[in-house]
Amino acid sequence: GLFGRDLNPEKRVFFPVAMALYSPVPYLPQTAAMLLGRMIELPPLVIMYLGRFLNLAVWMLLVLAAIRALPFFKYVFLLLAMSPLSIHLAASLSADALTSGIAFLFIATVLRIAYGESRTIGRTDLILLFVLAGALSLCKQVYVLLIFIFLLIPAEKFGPKRPRAVILALLFLWCEGLNMGWFLAARGMMEASPFIQTKELISPHQQAAFIIAQ
């Protein structure tokens with residue numbers, strides 16, 4: 001059966017895809033699990049499920065951390081996280097699992113800082129926000145817009161030495177710098193891809209026509 005098939009890593013074909021602009025960050029959990037599966041020579045199907053399991057486990061830990069950090073609306077976050085589509089993506093090999101988990105934790109962290117009991121924002125909180133925002137932007141570039149919920153944090157919590165506008169500007173530049181760095185690193189792969197050269201399977205006009213028709 002399928003569980004008895006060998007991996008045969010020597011029989012491989014490189015298949016370039018149009019998603020080369022995605023950084024490796026959202027694939028770290030499933031990649032780590034699948035590398036472990038290869039090291040102990042598990043069957044391919046087991047390796048795939050191992051990647052899905054660790055993807056789900058990391059997502060669950062991020063969501064749990066987010067719910068614990070929230071000062072309110074904990075059940076609202078739980079309801080969103082437990083929606084069928086959310087669970088489906090979390091238990092897959094998709095990049096959306098880590099992306100949504102980090103997004104949950106980033107939003108929860110901002111709300112904790114903004115509405116928590118602390119009167120000032122500490123250095124640890126700032127470092128955590130920069131790490132989460134950077135990881136989120138590397139998961140999906142468009143998610144960099146989510147950092148603007150940073151404005152929910154009252155300006156007086158930053159004090160005169162760290163104006164909120166300056167911190168937000170630095171946070172935005174940090175995320176865009178990471179995105180630009182990955183774009184420059186991946187540009188060679190994109191230019192070498194036959195999909196990019198021939199425009200095969202990449203047609204914005206056809207995609208728009210399909211959306212309108214459907």
Side-chain angles (χ1 to χ4, degrees), residues 1-5 7 15-40 42-70 72-112 131-149 175 178-179 182 186 195 201-204 206-214:
L2 292 176
F3 283 96
R5 291 186 179 181
L7 185 60
F15 189 79
V17 296
M19 305 306 292
L21 281 181
Y22 274 29
S23 80
V25 172
Y27 299 103
L28 290 177
Q30 53 272 56
T31 300
M34 296 172 81
L35 283 175
L36 176 62
R38 290 188 61 177
M39 290 174 59
I40 58 180
L42 293 175
L45 192 61
V46 178
I47 292 176
M48 182 197 69
Y49 279 112
L50 190 62
R52 294 178 62 172
F53 174 78
L54 189 57
N55 215 21
L56 175 63
V58 171
W59 174 84
M60 290 176 62
L61 290 174
L62 290 170
V63 170
L64 177 61
I67 292 174
R68 293 187 64 179
L70 280 170
F72 47 72
F73 293 151
K74 293 179 183 288
Y75 285 105
V76 174
F77 261 56
L78 179 63
L79 181 63
L80 291 172
M82 297 301 292
S83 66
L85 181 57
S86 181
I87 296 294
H88 170 74
L89 288 174
S92 71
L93 292 174
S94 172
D96 293 327
L98 191 65
T99 303
S100 64
I102 294 175
F104 272 118
L105 185 54
F106 179 77
I107 294 171
T109 301
V110 170
L111 293 177
R112 175 181 61 79
V131 170
L132 291 174
L136 189 59
S137 63
L138 284 174
C139 286
K140 283 192 176 180
Q141 293 92 335
V142 69
Y143 274 48
V144 71
L145 298 175
L146 193 61
I147 69 172
F148 287 101
I149 67 168
C175 293
L178 291 175
N179 284 335
W182 171 247
F195 286 146
L201 300 181
I202 302 177
S203 174
Q206 292 182 10
Q207 292 173 4
F210 176 82
I211 292 172
I212 294 172
Q214 301 299 324

Self-check item: Val58: which of Leu28, Leu98, Ile102 passes side-chain contact (heavy atoms from CB on, under 4.5 Å)
Solution: Leu98

Self-check item: Worked check of side chain to side chain contact (heavy atoms under 4.5 Å, CB included) between Met34 and Thr31
Solution: CA-CA 5 Å; Met34 296 172 81; Thr31 300; 5.9 Å; no

Quiz item: Hey, is CE on Met48 packed in by over 12 heavy atoms from elsewhere, all under 6.0 Å?
Solution: yes

Practice problem: Hey, could you give me the CG/CG distance between Leu145 and Leu136, rounded to the nearest 0.5 Å? | Solution: 10.0 Å

Quiz prompt | Pair listing, side chain to side chain donor-acceptor pair (under 3.5 Å) test, anchored in residues 76-92, at least two apart | solution = none

Quiz item: Taking atom CG of Leu111 and atom CD1 of Ile107, what is their separation to the nearest 0.5 Å?
Solution: 7.5 Å

Quiz prompt | All pairs passing salt bridge (Lys or Arg N to Asp or Glu O under 4.0 Å) where residues 44-54 contributes a residue, at least two apart | solution = none

Exercise. Given side chain to side chain contact (heavy atoms under 4.5 Å, CB included), test Ile147 with Cys175 step by step and report yes or no.
Key: CA-CA 9 Å; Ile147 69 172; Cys175 293; 4.2 Å; yes

Self-check item: Distance in Å, Leu36 CG paired with Leu42 CG, rounded so as to fall on 0.5 Å steps
Solution: 7.5 Å

Self-check item: Listed partners of Asp96 passing side chain to side chain donor-acceptor pair (under 3.5 Å), at least two apart
Solution: Ser94, Lys140

Practice problem: Just jot down the side-chain contact (heavy atoms from CB on, under 4.5 Å) partners of Ile87, sequence neighbours excluded, or say none. | Solution: Trp59, Met82

Self-check item: Flag if over 12 foreign heavy atoms under 6.0 Å of CZ, Phe53
Solution: no

Self-check item: Whether Gln30 side chain and Asn55 backbone form a donor-acceptor pair below 3.5 Å
Solution: no

Quiz prompt | Separation between CG of Leu80 and CD1 of Ile67, rounded to the nearest 0.5 Å | solution = 9.5 Å

Quiz item: Arg68: what forms a side-chain contact (heavy atoms from CB on, under 4.5 Å) with it, not counting sequence neighbours?
Solution: Leu64

Self-check item: ring pair (Phe, Tyr, Trp, His ring centres under 6.0 Å) involving Phe106 - partner list, sequence neighbours excluded
Solution: none

Quiz item: For Leu61, which residues count as a side-chain contact (heavy atoms from CB on, under 4.5 Å) partner, sequence neighbours excluded?
Solution: none

Quiz item: For Phe72, what residues pass the ring pair (Phe, Tyr, Trp, His ring centres under 6.0 Å) criterion, not counting sequence neighbours?
Solution: Tyr115

Self-check item: Set of side chain to side chain donor-acceptor pair (under 3.5 Å) partners for Ser137, sequence neighbours left out
Solution: none

Practice problem: Could you grab the distance from atom CG of Leu70 to atom CZ of Phe104, nearest 0.5 Å is fine? | Solution: 10.0 Å

Practice problem: Give every residue pair that meets the salt bridge (Lys or Arg N to Asp or Glu O under 4.0 Å) criterion with at least one member in residues 72-83, sequence neighbours excluded. | Solution: none

Quiz item: Does Tyr143 have any ring pair (Phe, Tyr, Trp, His ring centres under 6.0 Å) partners at least two apart in sequence or in another chain, and if so, which?
Solution: none

Quiz item: Partners of Phe73 by side-chain contact (heavy atoms from CB on, under 4.5 Å), sequence neighbours excluded?
Solution: Val76

